[in-house]
**Q** 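Quick one: the structure is below, questions incoming.
In what follows, chains are A, B, ... by sequence order, proteins preceding strands, each numbered from 1. Being a predicted model, the structure only gives us computed values, none of them experimental.
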Amino acid sequence: MTAKIAYDEVEVGTELPAQTFPVTRATLVQYAGASGDFNPIHWNEKFAVEVGLPDVIAHGMFTMAEAIRVVTDWAGDPAAVVEYGVRFTKPVIVPNDDQGAEIQVSAKVAAKLDDQQVRVDITAMSAGQKVLGMSRAVVRLA
Amino acid sequence: MALDQSFVGRTYPPTEPYEVGREKIREFAEAIGDANPAYTDQEAAKELGHPDVIAPPTFVFAITFKAAGQVIEDPQLGLDYSRVVHGDQKFSYTRPVRAGDRLSVTSTIEAIKSLAGNDILDIRGEVHDASGEHVVTAWTKLVSRAPEGV
């Protein structure tokens, strides 16, 4: 494990570079194939509406995968992530158009822990709503 | 219908090993649009100290969730899967998953709660490699929504 960020260089409040991740219907089909999650709420709007959703929604695990990229890109080595947890609070709604949706992810160091580790709190938004709650990672820095 | 509390603490037999392939990791990394070379380039992964390409942090969910199927589909537990949504997800890593791993998952029911007619099920999946070493633990909270009008 070779994180490129030094523990001594970060403080509580240090912001990680924010990123925006686009998601279209094509993205969801590709993620369904790669992850093996073929639940039709992620690609079939007729089905999604029938079960009470406003439209097709992104896989929660897709959103979780995007959100941690802000941390892994910052840390350099993805293996620096020693813990990662989220609560799925709101769905990312993905319309059937060229635009799709966006997931905006920001993160900051919330606590410095023992053993060169820090806790990073992550915020993920889509269409003005917080889509993840309690989204936190513990990261071991250099 | 409330789930049977006596299932709390029940552990299911370890799954048959899942062999992690380099191309499967590549496919997953491409699907999430993540170009980190540690996922696709063996040399880049080695420079970071890994013996082979590693998987993105959430890759292992496909394996642990399939293993959780033993719990979800246990007819004695009686969970209505058509009403289930994913509430929380957490991972704790001893090391990253990497290509060549043969991973076995042992699933345990950690908690069963009933809240406002919803059944809440906490499943822990302990992931070990072929030598029996711990790789990652996944905690999955599933919420089975109460039927409308109840």
**Q** Taking non-hydrogen atoms and a cut-off under 4.5 angstrom, which of residues 7-14 of chain B neighbour chain A?
**A**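 Residues qualifying by a heavy atom under 4.5 Å from chain A are absent, so none.
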**Q** Of all of A:Gly85, A:Pro78, A:Ala137, which one pairs up most often with chain B through heavy atoms under 4.5 Å apart?
**A**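 Heavy-atom pairs under 4.5 Å are most numerous for A:Pro78.
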**Q** Measuring heavy-atom distances to chain A, does B:Pro56 have an atom under 4.5 Å in its side chain, in its backbone, in both, or in neither?
**A**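 Neither; nothing under 4.5 Å.
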**Q** If you look at every heavy atom in A:Val70 and A:Ala107, which pair is closest and at what distance?
**A**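 Result for this residue pair: CG1-CB, 3.9 Å.
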**Q** To the closest 0.5 Å, what do you measure between OH (B:Tyr18) and OG1 (B:Thr64)?
**A**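 OG1 of B:Thr64 is found 11.5 Å from OH of B:Tyr18.
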**Q** Give the interface residues of residues 10-43 of chain A toward chain B, defined by a heavy-atom separation under 4.5 Å.
**A**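 Under the 4.5 Å heavy-atom cut-off, A:Thr27, A:Gln30, A:Tyr31, A:Gly33, A:Ala34, A:Ser35 qualify.
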**Q** Under 3.5 Å, side chain of B:Asp101 to main-chain N/O of B:Arg98, donor-acceptor pair present?
**A**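 Answer holds: yes.
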**Q** Go through the atoms of A:Phe62 and report whether side chain, backbone, both or neither lie under 4.5 Å from a heavy atom of chain B.
**A**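 For A:Phe62, side-chain heavy atoms alone lie under 4.5 Å from chain B.
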**Q** Please walk me through it: do B:Arg145 and B:Asp119 pass salt bridge (charged side-chain N to carboxylate O under 4.0 Å, His left out)?
**A** CA-CA 7 Å; B:Arg145 294 166 300 150; B:Asp119 285 323; over 6 Å; no
**Q** Do B:His134 and B:Thr94 have a side chain donor and acceptor closer than 3.5 Å?
**A**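 A pair is found: one side chain offers a donor N or O, the other an acceptor, under 3.5 Å apart.
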**Q** Between A:Lys112 and A:Tyr7, is there a donor-acceptor pair closer than 3.5 Å when you use the side chain of the first and the backbone of the second?
**A**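 Yes; judged by distance alone, with no hydrogens or angles, the pair exists.
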**Q** Does anything in residues 19-40 of chain B pair up under side chain to side chain donor-acceptor pair (under 3.5 Å), and if so which pairs, sequence neighbours excluded?
**A**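 Every pair satisfying side chain to side chain donor-acceptor pair (under 3.5 Å) with a residue in residues 19-40 of chain B: B:Glu19-B:Arg102, B:Arg22-B:Asp52, B:Glu23-B:Arg26, B:Lys24-B:Glu27.
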**Q** Given a strict heavy-atom distance threshold of 4.5 Å, which part of B:Ile54 is in contact with chain A: side chain, backbone, both, or neither?
**A**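 When you check distances to chain A, only side chain atoms of B:Ile54 fall under 4.5 Å.
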**Q** Are any of the side-chain nitrogens in A:Asp115 or A:Arg140 under 4.0 Å away from the carboxylate oxygens of its partner?
**A**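 Answer for the salt bridge query: yes.
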**Q** Select all residues of residues 119-134 of chain A having any heavy atom within less than 4.5 Å of some heavy atom of chain B, and report them by number, or 'none'.
**A**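 Residues of residues 119-134 of chain A touching chain B at under 4.5 Å: none.
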